[in-house]
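Remarks on the structure that follows.
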Amino acid sequence: MQQVNPQVLQNLAQGRPSSLRAVLGHSVESQPSEALAVAGSRYSGRVIDRFFVRMTSNYGHLWSSRFPSGDMLSAAKAEWAQALDGFTLDELKHGIDRCFEQYGKPPSMTEFVRCCKPAYEDFGLPDFEAAYGEACAKSHEPNSPDMRWSHPAVYHAGRKVGWHGLHCGLRGVKTRFETVYQVFCQRVMAGERLSGPVLSAAALEHKAGTKTRTEQEKQMAQQWLGKMKSSLNRAGNAGGVNGNA
């Protein structure tokens with residue numbers, strides 16, 4: 001067996017804080033495995049070996065029975081190495097954890113790759129169905145100062161598609177909303193901070209007027225309570241004087 005160059009493992013980390021132990025949940029053996037390192041993949045056979053150990057530990061025979069021969073196992077590891085090559089070590093660890101939570105049976109490669117990708121919920125984004133339902137429900141008055149949106153991406157997607165179409169449920173509007181919402185979600189997941197709804201001048205004036213009226217009503221209520229307390233105090237004092245007399 002050939003000793004693995006420590007520089008290879010260092011390059012795998014790519015300067016990221018994750019380690020192989022953190023990703024795969026086990027220590028890495030001091031001796032390299034028999035599995036071939038995959039050409040063109042930054043993950044060596046050692047990493048893929050440990051990935052297969054994790055999957056076997058969790059799924060048992062249901063996983064290992066997929067590879068009844070050594071040739072099939074080697075071929076499968078090569079395919080998995082290529083499929084996972086585009087993910088960081090942190091994303092692989094997250095994918096393994098999410099996979100074990102979501103799948104009681106061994107996932108397909110496509111399902112596992114999906115587990116490694118960031119999910120909308122990781123960024124506070126509602127899923128498509130929830131976002132579409134919210135946009136439709138609030139399409140009648142989307143810029144109201146009292147309207148609360150679960151995430152600015154929902155508002156901006158609805159604004160881009162058109163509130164009238166969402167309110168009326170026009171044909172094809174759901175498909176258009178899905179496409180546009182995905183674009184805004186990708187922007188958020190890439191680190192962009194979307195602003196909230198832009199209130200119109202009329203809405204801002206209404207909001208300011210409502211606030212002014214609320215303050216005035218509060219002051220009037222306090223004045224009225226003050227007058228009532230004064231009246232009650234005078235009445236009490238008068239009763240006390242009459243009683244003494």
Side-chain angles (χ1 to χ4, degrees), residues 14 16 18 79-80 82-215 217:
Q14 296 286 316
R16 298 181 177 85
S18 299
E79 290 295 327
W80 277 89
Q82 292 287 1
L84 303 180
D85 184 61
F87 296 105
T88 66
L89 296 176
D90 282 330
E91 288 170 340
L92 287 182
K93 180 181 184 300
H94 186 66
I96 291 172
D97 294 340
R98 178 177 287 170
C99 173
F100 289 172
E101 291 176 358
Q102 294 185 358
Y103 295 102
K105 294 181 179 180
S108 66
M109 185 180 294
T110 300
E111 289 170 336
F112 184 83
V113 166
R114 191 180 302 123
C115 288
C116 294
K117 294 180 179 179
Y120 285 176
E121 62 186 22
D122 298 332
F123 295 83
L125 293 160
D127 61 33
F128 161 67
E129 290 295 341
Y132 178 70
E134 180 182 2
C136 291
K138 297 177 179 179
S139 60
H140 65 289
E141 201 172 3
N143 295 311
S144 169
D146 298 322
M147 193 67 72
R148 297 291 180 268
W149 292 88
S150 61
H151 196 282
V154 182
Y155 167 81
H156 285 289
R159 185 168 178 264
K160 184 76 172 179
V161 171
W163 299 118
H164 175 72
L166 289 167
H167 184 66
C168 298
L170 299 181
R171 183 176 182 180
V173 70
K174 185 173 184 178
T175 301
R176 293 198 302 275
F177 181 86
E178 181 176 16
T179 301
V180 173
Y181 182 60
Q182 287 178 349
V183 172
F184 279 106
C185 287
Q186 289 170 1
R187 289 168 57 178
V188 171
M189 294 164 75
E192 183 176 345
R193 296 177 63 88
L194 299 177
S195 60
V198 179
L199 301 182
S200 63
L204 289 172
E205 183 179 352
H206 171 75
K207 185 176 182 180
T210 301
K211 183 177 181 180
T212 300
R213 290 196 302 273
T214 301
E215 291 295 330
E217 292 170 355

Starting from the C-alpha separation in whole Å, work towards a yes-or-no answer on side chain to side chain contact (heavy atoms under 4.5 Å, CB included) for K174 and E129. CA-CA 9 Å; K174 185 173 184 178; E129 290 295 341; 3.3 Å; yes
Determine whether [X] and [Y] make a side-chain contact, defined as any pair of heavy atoms from C-beta on separated by less than 4.5 Å.
{"X": "F112", "Y": "L84", "result": "yes"}
{"X": "F184", "Y": "P152", "result": "no"}
{"X": "V183", "Y": "K160", "result": "no"}

Before you tell me yes or no, could you show the steps for R98 and D122 under side chain to side chain contact (heavy atoms under 4.5 Å, CB included), namely the whole-Å CA-CA distance, both residues' side-chain angles and the distance that decides it to 0.1 Å? CA-CA 12 Å; R98 178 177 287 170; D122 298 332; 2.9 Å; yes
Taking all non-hydrogen atoms of both residues, which atom of [X] and which atom of [Y] are closest, and how far apart?
{"X": "E141", "Y": "M147", "value": "O-CE, 3.0 Å"}
{"X": "L194", "Y": "A153", "value": "CD1-CA, 3.7 Å"}
{"X": "W163", "Y": "A135", "value": "CZ3-O, 4.0 Å"}
{"X": "A157", "Y": "F177", "value": "CB-CE1, 3.6 Å"}
{"X": "E91", "Y": "G86", "value": "OE1-O, 4.4 Å"}

Distance (rounded to the nearest 0.5 Å) between [X] [atom1] and [Y] [atom2]:
{"X": "M189", "Y": "Q182", "atom1": "CE", "atom2": "CD", "answer": "10.5 Å"}
{"X": "D97", "Y": "C116", "atom1": "CG", "atom2": "SG", "answer": "10.0 Å"}
{"X": "H151", "Y": "C185", "atom1": "NE2", "atom2": "SG", "answer": "7.5 Å"}

Residue pairs involving residues 89-111 (criterion ring-ring contact (aromatic ring centres under 6.0 Å, His included); sequence neighbours excluded):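 Sorted result for residues 89-111: Y59-F100.
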Please check this pair: side chain of H156 against backbone of S195, looking for a donor-acceptor N/O pair closer than 3.5 Å.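 Answer holds: yes.
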Under the side chain to side chain contact (heavy atoms under 4.5 Å, CB included) criterion, do L166 and Y132 qualify, and how do the steps go? CA-CA 9 Å; L166 289 167; Y132 178 70; 3.7 Å; yes
I would like to know whether E111 and C99 meet side chain to side chain contact (heavy atoms under 4.5 Å, CB included); could you show each step before the answer? CA-CA 8 Å; E111 289 170 336; C99 173; over 6 Å; no
side-chain contact (heavy atoms from CB on, under 4.5 Å), paired with V154, selected from K138, R159, E134: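 Result for side-chain contact (heavy atoms from CB on, under 4.5 Å) with V154: E134.
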Can you say whether the rings of Y181 and Y120 are parallel (under 30°), tilted (30 to 60°) or perpendicular (over 60°)?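 The arrangement is perpendicular - the two ring planes meet at more than 60°.
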